[in-house]
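Only one structure is covered here, and it is reproduced in the block below.
Since this is a predicted model, take the numbers as computed values, not measurements.
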Amino acid sequence: MTGPAGRLALHLVTDDRLPFHRLLAVVDDAAAAGVDVVQLRAKSVSARELIRQASALSDVIDRRCLLLINDRVDVAVAARDAGARVDGVHLGQSDLPPDTARRLLGPRAVIGWTADSADHRAAASVPRDGTIDYLGVGVIRPTSTKPDHPPVLGVDGFAAFAAGTHLPCVAIGGVEVEDVAALRAAGAAGIAVVSAICAAADPGAAARALRSAADAPALEGVA
């Protein structure tokens, strides 16, 4: 990977249904519990508000894990300009191309790309090596956090997808702690969750359980 040294085994994707003050507390607990990545995803707010949220999350995280911005390369650049520590972006298929993001964010940024079809997987092999750090692959199960999600892959579909690419694949979409072992065996380089932490009665305990599962031997050394 071209970005900062570190593991990408456990991602927390933020839930914009939570009040932001509550989200800050959830992220603080998750960072303390050892998540590797927090991805700020807020589809319905302005760029200015996203920059504010990125700055606030950067302060709360305080370098305990990586901070990525979902979709918005412009917000990542602007938040950095405002003094926030933003480590990269996670891009969808309709966002700026990963090679453009790489040029704008630099060689040490982490760049993830959503991929859920054979065409997406093939497209991910086109950019030069070092452009994309990982693929976000799903959904594993139906999920309410993304009502327009693509067809459900399940563990077997994820395994078939991951076997067809050299890029690390992070499983996302309805993932629960009890799914981690099967996804690990299916070739997952990591997992990404929303509700499993954000909707938990004790987000810190939920994050610690996922951290423990993500630290199983099959994920050791994955970055």
Side-chain angles (χ1 to χ4, degrees), residues 1-92 95-96 98 100-114 131-136 145 168 170 172 189-198 203-204 206-208 210-211 214 222-223:
M1 125 187 189
T2 56
R7 286 161 50 93
L8 299 177
L10 177 57
H11 300 230
L12 167 60
V13 182
T14 64
D15 188 342
D16 59 5
R17 296 174 299 183
L18 290 179
F20 190 64
H21 72 275
R22 172 60 180 161
L23 181 63
L24 288 175
V26 168
V27 167
D28 190 22
D29 287 347
V35 299
D36 297 305
V37 177
V38 170
Q39 182 189 139
L40 173 58
R41 183 167 75 183
K43 300 286 191 179
S44 60
V45 303
S46 67
R48 185 180 295 274
E49 174 61 13
L50 264 179
I51 294 165
R52 185 191 74 81
Q53 292 187 10
S55 296
L57 286 176
S58 174
D59 289 342
V60 165
I61 289 168
D62 194 23
R63 298 175 181 264
R64 290 177 291 176
C65 63
L66 302 180
L67 174 61
L68 308 185
I69 308 298
N70 179 268
D71 293 351
R72 300 294 298 269
V73 178
D74 59 332
V75 168
V77 171
R80 283 180 169 186
D81 185 61
R85 180 183 174 88
V86 173
D87 299 288
V89 292
H90 182 92
L91 302 174
D95 299 324
L96 283 180
T100 302
R102 176 64 67 199
R103 286 193 294 272
L104 290 171
L105 295 173
R108 291 187 56 77
V110 174
I111 296 179
W113 204 30
T114 294
T131 298
I132 299 170
D133 291 303
Y134 72 90
L135 298 178
T145 61
V170 173
I172 188 169
I191 59 168
V193 301
V194 183
S195 298
I197 292 177
C198 289
R208 285 191 294 275
L210 287 159
R211 173 78 274 165
V222 173

Flag the pair R64 and D62 as a salt bridge only when some basic side-chain nitrogen lies within less than 4.0 angstrom of an acidic carboxylate oxygen.
no
Working note: V45 + D16, criterion side-chain contact (heavy atoms from CB on, under 4.5 Å); need CA distance, chi angles, decisive distance, verdict.
CA-CA 9 Å; V45 303; D16 59 5; over 6 Å; no
Side-chain ion pair, R72 and D95, N-O less than 4.0 Å
no
Would you say S55's side chain and I51's backbone share a donor-acceptor pair under 3.5 angstrom?
yes
State whether D71 and K43 are salt-bridged, where the test is any N-O pair (Lys NZ or Arg NE/NH1/NH2 against Asp/Glu carboxylate O) under 4.0 Å.
yes
Are any non-hydrogen side-chain atoms of V193 and V13 less than 4.5 angstrom apart?
no
Are the side chain of R211 and the backbone N or O of G34 linked by a donor-acceptor pair below 3.5 Å?
yes
Rounded to the nearest 0.5 Å, what separation is found between the CZ atom of R108 and the CG atom of D87?
9.5 Å
Rounded to the nearest 0.5 Å, what's the gap from CZ on R52 to CZ on R48? Could you check?
12.0 Å
Closest heavy-atom pair and its distance - A196, A206:
O-CB, 3.3 Å
Flag, side chain of T114 to backbone of G136, donor-acceptor distance under 3.5 Å
no
Given Q39 and L67, is the side-chain contact (heavy atoms from CB on, under 4.5 Å) satisfied, shown in steps?
CA-CA 6 Å; Q39 182 189 139; L67 174 61; over 6 Å; no
Measure the shortest side-chain to side-chain distance between L40 and L50 over non-hydrogen atoms and say whether it is less than 4.5 angstrom.
yes
Is the backbone N or O of P98 less than 3.5 Å from a side-chain atom of T131, with the two atoms forming a donor-acceptor pair by type?
no
How long is the span from the CG atom in D28 to the CG atom in D59, to the nearest 0.5 Å?
11.5 Å
So, do D36 and L12 sit near enough that their side-chain heavy atoms are less than 4.5 Å apart?
no
Contact summary for A33 and G204, nearest pair of heavy atoms
CB-O, 3.7 Å
S195 versus R17: any side-chain heavy-atom pair under 4.5 Å?
yes
How about L23 and D15: do any of their side-chain heavy atoms sit closer than 4.5 Å?
no
Heavy atoms only: give me the nearest G88-A76 pair and the separation to one decimal.
O-CB, 4.5 Å
Without swapping roles, check the side chain of R80 against the backbone of V86 for a donor-acceptor pair under 3.5 Å.
yes
Within the distance-only criterion (no hydrogens, no angle test), does the side chain of R102 pair as donor or acceptor with the backbone N or O of V110 below 3.5 angstrom?
no
Closer than 3.5 angstrom, by distance alone: can the side chain of D29 be matched with the main-chain N or O of P203 as a donor-acceptor pair?
no
Validation row: V89, L96 side chains within 4.5 angstrom (heavy atoms):
no
Quick check: do L10 and I191 have side-chain heavy atoms less than 4.5 Å from each other?
yes
Close side-chain approach of H11 and V170, heavy atoms under 4.5 Å
yes
From L8 atom CG to L66 atom CG, the distance as rounded to the nearest 0.5 Å
6.5 Å
Can you check whether I111's main-chain N or O pairs, donor with acceptor, with D133's side chain at less than 3.5 Å?
yes
Return the CG to CG distance between L68 and L57, rounded to the nearest 0.5 Å.
11.5 Å
Output for pair (W113 CH2, I132 CD1), nearest 0.5 Å, gives 5.0 Å
Kindly determine whether C65 and V37 satisfy side-chain contact (heavy atoms from CB on, under 4.5 Å), including the steps that lead there.
CA-CA 5 Å; C65 63; V37 177; over 6 Å; no
